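I have placed the structure first, in the form of structure tokens, so that the comments after it can refer back to it.
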Amino acid sequence: MQWCKYLKVILVLLCATIFTLTIYKVPLGHFKVLVNNSVVERLFHEEPCACMERCLAASDDKWFAEHFRKDVPPVLSLNNSVLPDHIFNWWQSLQSTKSKANYSQVIKELFSVIPEEEWYRDAGPSRCRTCAVVGNSGNLLGSHYGPVIDQHDFVFRMNKATVQGYEKDVGSRTTHRVMYPESATHLDNNTHLVLLPFKTIDIQWITSALTDGSIKRTRFKVIDKLQANKDKVMVMHPAFMHYVHNTWLHIKSQRSYPSTGFLVLIYALHICDEVNVFGFGANDKGTWHHYFEKTPKSLKRTGRHSGGIELQTLLELHERRLIHLYTGW
Ligand code: C5P
């Protein structure tokens, strides 16, 4: 019978494909990328991402679903920049300054300098984006995590974290550096700068630092002319910062806000398919310091941040296998 013949051919083809994949140890994720846009891809269409280990968007964890709000945009754009009053007021209260700049004017000026791009709209069944979120903890020293960190598609680093001289433990690639004006460092041409704006003048600063360098102080003296590729600059959305504060940390206190590391962690959950976390927390002796300090002084653990809740949430994410936390010891 004709249909029987077809069935046999299909079965033979299927067996040959499985055999080839097994022999050449081709990960399923890569296979899906190869057959992107084909009939087979349509068969896989229900898959939310192509990762083998973890696929954040596929998680059916109830606790995660209660916290994760896909609709909150992580990056500011000209189209999504309007803030509801309660978020604007919260954001304005974080760090007081004398600047009375008009927010919408500041946004207009920002997007006359940085691209008006809609970043990270590429999630889907053929994408497996792995991300390493690298905090600045001294627990990285002696960890030998460098090669593991460098294998990720995106490597996020924060503030003034030095790489040179620490490559064995922290890796050498940086795709994104997250910073605010007072913690800024110069970047090479290939690195994305992700600005954390804690006040309106922080947004004015990035516009100025990439052009005429007219702003020299925010709360403190800051770098006035920054070396960075302006086409790779993005600004974390104030509404996203508010969501992290409210929904992930459930903080009621007005003037506290999440730490850089915690903001980057949740940012990564939103734009990556698999997230691994390095350099967070104390070292094996309980000391809370930076890996790049020659004479480490113990840092105050929380400051204006809710360190305890952040650490608890980080551990919860790890225990629920939503991220993997590398503790260094
Ligand atoms: O100190 P700094 O803010 O530059 O560090 C970046 C981030 O690294 C922090 O916000 C925190 O999340 C993480 N960190 C940590 N433990 C340390 C030092 C930093 O978890 N000992």
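Note that ligands are numbered from 1 as they come in the structure, with each ligand's atoms numbered from 1 the same way. Note that this is a predicted model, so its numbers are computed, not measured.
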Which of these, F154, W119, F156, sits in a side chain to side chain contact (heavy atoms under 4.5 Å, CB included) with H192?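 That would be W119.
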For [X], atoms of ligand 1 separated by under 4.0 Å from a heavy atom:
{"X": "N159", "answer": "2 (P), 3 (O), 4 (O)"}
{"X": "M158", "answer": "6 (C), 7 (C)"}
{"X": "S259", "answer": "10 (O), 12 (O)"}
{"X": "G135", "answer": "8 (O)"}
{"X": "H290", "answer": "1 (O), 2 (P), 4 (O)"}

Near R320 CZ, under 6.0 Å, is it more than 12 heavy atoms from other residues, nucleotides or ligands? yes
Could you list all the salt bridge (charged side-chain N to carboxylate O under 4.0 Å, His left out) pairs where at least one residue sits in residues 64-73, not counting sequence neighbours?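 For residues 64-73, and leaving out neighbouring residues, the salt bridge (charged side-chain N to carboxylate O under 4.0 Å, His left out) pairs sorted by first residue read R69-D71.
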Sequence neighbours excluded, every pair satisfying salt bridge (charged side-chain N to carboxylate O under 4.0 Å, His left out) that has a member inside residues 268-290: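 Pairs touching residues 268-290 that pass the test: R127-D273.
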Do any nitrogen or oxygen atoms of G281 come within less than 3.5 Å of a nitrogen or oxygen of ligand 1?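 Min N/O separation from ligand 1 is below 3.5 Å for G281.
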Do F280 and ligand 1 have an N or O pair less than 3.5 Å apart?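 By distance alone, the answer is no.
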Taking atom types as modelled and ignoring hydrogens, do the side chains of D202 and T218 form a donor-acceptor contact shorter than 3.5 angstrom? no
How about C55 and C128: are their SG atoms under 2.5 Å apart? no
At under 4.0 Å between heavy atoms, what of K160 touches ligand 1? The answer is neither
Going by the 4.0 angstrom heavy-atom rule, the piece of N136 near ligand 1 is both
Can you find a heavy atom in the side chain of L76 that is under 4.5 Å from one in the side chain of P238?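 They are in contact (side-chain heavy atoms under 4.5 Å apart), so the answer is yes.
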